[in-house]
Amino acid sequence: MERTTSRSKIVCCRDLGPTAMALLTEHGNLEVVVWTEDRRCDRGWILENIPGATGLVVSTTEIVNRELVDTAGPNLRVVSTTSIGYEHIDLEVIAARKIQVGYTPDIPTEAVADSAIMLALMATRAAGQSYSLVKNNGWPTLSRSPFALCGPQLSTTPFSPTRTIGFLGFGRIAHAVLTRLAAFGITHCIYTPRPGAAVQTARDAQLKDKHNLQEIASVDLSTLAGRSDVLFILTPGGSATHHLVNSAFLRQMKPTSVLVNNGRGSVVDSIALAQALSEGWIWGAGLDVVEEEGAPGGVTSAHPLVSEPRCVVLPHLGSVALETREEMAWLTARNVLAGVLGEELPVALDYSAIV
Ligand SMILES: O=CC(=O)O
C-alpha cells in the first residue's frame with residue numbers, strides 16, 4: 001500500500017536515549033524510525049529505511065556517501081552526526097545537494113581530555129600489563145625488584161624537573177589536556193599546527209604564562225618526534241594526516257617516550273607502531289583509536305597492537321562519559337529537528353570552507 005502520511009521522516013541510526021529521543025517522538029508530526037539494536041547500525045537497514053527521509057541521525061560508524069544520499073531521495077535536508085569528526089560524511093555529495101550537516105564539536109572536549117590523561121598515565125605506568133598480571137593470578141609471583149613494572153613518570157620531580165609534552169594537533173582538546181597537565185608540573189609544550197595555520201604568538205604567550213611553562217613552541221614533525229616525552233595525537237583524520245606517525249617518525253622518538261592517540265586511528269601506521277613497541281624504539285602507547293577499527297571484524301586480540309604488552313587499547317571511548325553523551329545526544333536531536341523543520345541548526349558544519 002502507498003504511504004499516505006505527509007509526516008517528515010527521520011531515520012536514527014542511533015537511539016539517542018530517552019530525553020533526546022522524546023524531543024523527536026513527542027513532536028507529533030514526525031515519523032521517527034530508530035535502529036534499536038545495541039550494535040553498529042546495519043547498512044542494509046539504513047538503505048531499506050532511508051528512502052523518503054528528511055532527516056538522518058548518524059555517528060562516526062555510518063558512512064554517508066552518494067549511495068546513501070541517492071537512496072534517500074530528494075527529501076533529505078539534514079544529516080545530524082553525534083560526533084566531533086565528519087570524515088564519515090562525503091561533503092562533496094552533501095554540498096551538491098545542499099543538505100545541512102549538524103555535529104557536536106565542542107561538547108566532548110573535557111571528556112576526551114580526561115581520557116587522554118588516563119591513557120597517558122596507563123601507558124607510562126604499565127597499567128595494562130599490571131592489570132593483566134593481577135587478573136591472571138600473577139600478583140603473588142611479582143618480582144619485588146624496585147624496578148618491576150616501572151615506567152616513566154608523567155609528573156616532574158626535583159631530580160627530574162622537566163617534561164616535554166608534544167601535541168600533533170593543537171586545538172580545543174589539546175588545550176584542555178595542557179590545562180590538566182599543568183598539575184603534573186609540565187615544563188615544555190611543543191606542537192605542530194594544522195598545515196597553513198598562522199603561528200599564534202599572542203595565544204602561546206598567554207598559555208605559557210597561564211600554565212607556568214618554560215617553553216611553548218610550534219615545531220616541525222621531526223622535532224615533535226624527537227623531543228616529546230609524551231606525544232598526544234589530537235588531529236582529525238583524512239588524507240592530510242594519514243600515517244603522519246610512521247616508521248620514520250617513530251624511529252626519531254625517545255626510547256622512554258609514550259604516544260597517546262585520541263585523534264584518529266588513520267594518523268598512525270599500526271604496523272610501524274607495533275614494531276616500535278616490540279623493538280623498544282618507544283616506551284609505550286595508549287590508544288583510543290586504531291586505524292583498523294572500522295574494518296570488517298574490527299580490532300581483535302590478534303591485532304599486533306592489542307597483543308603488545310606496553311600498549312593500552314581502548315575501543316574509541318574518548319567521549320563516552322554520561323554527561324557528555326547526554327549533551328551530545330540532545331544537540332544531535334535539536335540539530336536534526338531544526339533541519340527537518342527548515343530552521344537554522346543550533347550547531348551546523350560550515351562545509352563551504354572545506355569542499
Ligand atoms: O571520535 C569521536 C568524534 O568524532 O566525536
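As the structure lists them, so they are numbered: ligands from 1, and atoms in each ligand from 1.
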Peer 1: With respect to Val11, which candidate in Thr54, Val34, Ile50 satisfies the side-chain contact (heavy atoms from CB on, under 4.5 Å) definition?
Peer 2: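 The passing option is Ile50.
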
Peer 1: What atoms of ligand 1 come closer than 4.0 angstrom to any heavy atom of Gly85?
Peer 2: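 Counting atoms of ligand 1 from 1, those under 4.0 Å from Gly85 are 3 (C), 4 (O).
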
Peer 1: Check ligand 1 against Arg264 and write out every atom of the ligand that is under 4.0 Å from a heavy-atom position of the residue.
Peer 2: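 This gives 1 (O), 2 (C), 3 (C), 4 (O) as the contact atoms.
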
Peer 1: Show me which atoms of ligand 1 lie under 4.0 Å from any heavy atom of His316.
Peer 2: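 What qualifies from ligand 1 is 1 (O), 2 (C).
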
Peer 1: Are the side chains of Val230 and Leu181 in contact, using a 4.5 Å heavy-atom criterion?
Peer 2: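 In short, these two side chains do not touch, never coming nearer than 4.5 Å.
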
Peer 1: Please state which protein non-hydrogen atom is closest to atom 3 (C) of ligand 1 and give its distance, to 0.1 Å?
Peer 2: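 Its nearest protein heavy-atom neighbour is Ile84 N, 3.3 Å.
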
Peer 1: Does Asp90 come within less than 4.0 Å of Arg66, counting only side-chain N to carboxylate O?
Peer 2: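 No salt bridge links Asp90 with Arg66.
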
Peer 1: Could you tell me how the ring of Tyr103 sits relative to the ring of Tyr86: parallel (under 30°), tilted (30 to 60°) or perpendicular (over 60°)?
Peer 2: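 Answer is perpendicular, since the angle exceeds 60°.
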
